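Bear in mind the structure is a predicted one, so any value in this text is a computation, not a measurement.
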Amino acid sequence: MKYKYDPPALLKKVFSQFHWNTSNSKVLLTFDDGPDPDSTPVILEQLNKYSLKALFFCVGENLQRYPDLAQQIIESGHVIGSHTFSHKNIRKLLLHEVKNELEEFNKVYNDLIGTFPKYFRPPYGRFTINLRSLLKSYGMQNVMWSLLTYDYKNELNILKFAVTNYLSPDSIIVLHDSKKSLETITDALDFIYREVVERKYEFGDPAECLR
């Protein structure tokens with residue numbers, strides 16, 4: 001398999017209105033698919049260890065299932081974004097079905113937190129041509145990435161290769177808050193932290209990185 005760690009430059013250019021890199025030349029950590037009772041506490045502990053703030057793209061069904069974990073994410077100073085309600089590929093859905101995925105997530109989020117999410121990431125990174133205008137109607141921004149780590153394969157060497165060769169000062173890094181990445185997530189975050197520090201890059205929080 002040929003891994004694609006960084007989206008094609010042409011795709012970024014055509015959809016330049018999306019966030020592919022940070023706007024302040026700082027590294028942003030993002031976690032997809034949570035919350036999860038096994039992985040979320042481990043990730044929060046690691047982030048706290050290094051005093052880092054991250055953006056968690058949560059699935060609405062998981063927020064519903066684990067509201068206490070969602071509160072822990074927020075209380076730890078992190079941000080929760082939408083990863084749809086049920087993690088479906090939106091390219092395979094009709095427009096009204098995509099709207100339902102967004103609205104169902106927003107309802108769960110609002111019930112838990114009292115506001116509405118600002119950031120969105122499509123499951124599997126698959127999006128449609130009308131996504132920007134749709135998200136704009138909900139006051140949301142689409143956050144993609146510049147560094148896909150493949151941490152969900154639980155092979156630390158793949159992640160190390162990706163980070164070593166594709167990390168940049170303005171990277172948006174994708175990791176996963178799920179059982180798939182649990183075996184390596186602690187070592188993965190340790191490695192990413194060391195790489196960023198040794199290169200004299202900086203980590204940023206979501207608000208400053210996504211202006």
Using the side-chain contact (heavy atoms from CB on, under 4.5 Å) rule, take N24 and R211 through it: C-alpha gap first, then chi angles, then the decisive distance, then the call. CA-CA 8 Å; N24 61 347; R211 290 175 180 163; 5.8 Å; no
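- Between S171 and L167 the shortest side-chain heavy-atom distance falls below 4.5 Å.
- Rounding to the nearest 0.5 angstrom, the gap separating the CG atom in L102 from the CZ atom in F116 is 12.5 Å.
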With side-chain contact (heavy atoms from CB on, under 4.5 Å) as the test, would you mind laying out the steps for I80 and Y119 before giving the verdict? CA-CA 8 Å; I80 290 178; Y119 305 113; over 6 Å; no
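- Pairing each heavy atom of N142 with each of P122, the nearest pair is OD1-CD, 3.1 Å.
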Verify side-chain contact (heavy atoms from CB on, under 4.5 Å) between V163 and F191, making sure each step is shown before the conclusion. CA-CA 9 Å; V163 173; F191 181 79; 3.8 Å; yes
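- Counting only heavy atoms from C-beta outward, the side chains of P123 and N89 never approach each other to under 4.5 Å.
- Two rings, from Y50 and F203, have their centers 6.0 Å or more apart.
- Taking a 6.0 Å sphere around CZ of R126, one finds it holds 12 or fewer heavy atoms contributed by other residues, nucleotides or ligands.
- Here the OG-CG distance, from S168 to N21, works out to 5.5 Å after rounding to the nearest 0.5 Å.
- F85 pairs with exactly one of K107, E103, Q64 by the side chain to side chain contact (heavy atoms under 4.5 Å, CB included) rule, that one being Q64.
- Residues F105 and H83 place their aromatic rings such that the two centres sit no closer than 6.0 Å.
- Looking at W20, its side chain does come within 3.5 Å of a backbone N or O of F15 through a donor-acceptor pair.
- Between F57 and S82, the closest side-chain pair of non-hydrogen atoms is not below 4.5 Å.
- In this structure, D205 contributes its side chain and E208 its backbone to a donor-acceptor pair below 3.5 Å.
- Two residues are said to be in side-chain contact when any heavy atoms from C-beta on lie closer than 4.5 Å; S86 and E104 fail this criterion.
- You'll find the side chain of F31 reaches within 4.5 Å of the side chain of I185, heavy atoms only.
- With no hydrogens or angles considered, no side-chain donor-acceptor pair links S178 and D33 at under 3.5 Å.
- The backbone N or O of P37 lies less than 3.5 Å from no partner atom in the side chain of T40, so there is not a single donor-acceptor pair.
- Considering all non-hydrogen atoms of both residues, K26 and G204 come closest at CB-N, 3.8 Å.
- Annotation: E45, atom CD; neighbour count of heavy atoms from other residues, nucleotides and ligands within 6.0 Å does not exceed 12.
- Atom CZ of residue F56 and atom CG of residue D177 lie 5.5 Å apart, to the nearest 0.5 angstrom.
- Remark: K179 engages D36 in a salt bridge, criterion side-chain N to carboxylate O under 4.0 Å.
- Between the side chain of Y150 and the backbone N or O of K4, at least one donor-acceptor pair lies under 3.5 Å.
- Counting heavy atoms from C-beta outward, I173 and I192 have side chains that approach closer than 4.5 Å.
- A pairwise comparison of heavy atoms in S181 and D151 identifies CB-OD2, 3.4 Å as the closest pair.
- One hydrophobic cluster, built from ILVMFWY side chains closer than 4.5 Å, holds both Y201 and L189.
- Residues I113 and L69 fall into different hydrophobic clusters, defined by Ile, Leu, Val, Met, Phe, Trp and Tyr side chains chained together at heavy-atom separations under 4.5 Å.
- Neither V59 nor Y152 shares a network with the other; the hydrophobic side chains, linked directly or stepwise wherever heavy atoms of I, L, V, M, F, W or Y lie under 4.5 Å apart, form separate groups for each.
- Counting only N and O atoms by type, the side chains of Y124 and H87 include a donor and acceptor under 3.5 Å apart.
- Note that the SG atom of C209 and the CD atom of E202 stand 10.0 Å from one another [nearest 0.5 Å].
- Screening residues 70-79 for side-chain hydrogen bond (donor to acceptor under 3.5 Å, both in side chains) gives no qualifying pairs among residues at least two apart or on separate chains.
- Ring centroid separation for the pair Y138 and F120 does not come in under the 6.0 Å cut-off.
- To the nearest 0.5 Å, atoms CD1 (I43) and CG (L182) are separated by 8.0 Å.
- Ionic pairing of K180 and D38 is not present here: no N-O contact between side-chain nitrogen and carboxylate oxygen is shorter than 4.0 angstrom.
- The CG atom of L93 sits 6.5 Å away from the NZ atom of K88 when rounded to the nearest 0.5 Å.
- A pairwise comparison of heavy atoms in P35 and L63 identifies CD-CD2, 3.7 Å as the closest pair.
- Nearest heavy-atom pair across Y109 and T115 is CD2-O, 3.2 Å.
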Using the rule given for side-chain hydrogen bond (donor to acceptor under 3.5 Å, both in side chains), can you reason through T22 versus D170, listing the C-alpha separation, both sets of side-chain angles and the distance that settles it, and then say yes or no? CA-CA 5 Å; T22 63; D170 59 352; 5.3 Å; no
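- A salt bridge links E195 and R199; the closest N-O separation between the charged side-chain nitrogens and carboxylate oxygens is under 4.0 Å.
- The hydrophobic cluster containing V143 also contains Y5, counting ILVMFWY residues as joined when their side-chain heavy atoms lie under 4.5 angstrom apart, directly or transitively.
- When side chains are defined from C-beta on, I73 does not count as touching V79, because their heavy atoms never get closer than 4.5 Å.
- One N or O on the side chain of N165 and one on the backbone of F161 form a donor-acceptor pair closer than 3.5 Å.
- More than 12 heavy atoms of other residues, nucleotides or ligands lie within 6.0 Å of CG in L94, so this atom counts as buried by the packing criterion.
- Side-chain atoms of T30 and R121 form a donor-acceptor pair, as typed in the model, at a separation below 3.5 Å.
- When side chains are defined from C-beta on, V197 counts as touching Y193, because their heavy atoms get closer than 4.5 Å.
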Applying side-chain contact (heavy atoms from CB on, under 4.5 Å), run through I90 and E101 and close with a yes or a no. CA-CA 9 Å; I90 64 174; E101 284 286 323; 5.6 Å; no
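- Every residue two or more places apart in sequence or in another chain that forms a salt bridge (Lys or Arg N to Asp or Glu O under 4.0 Å) with K49 is listed here: D190.
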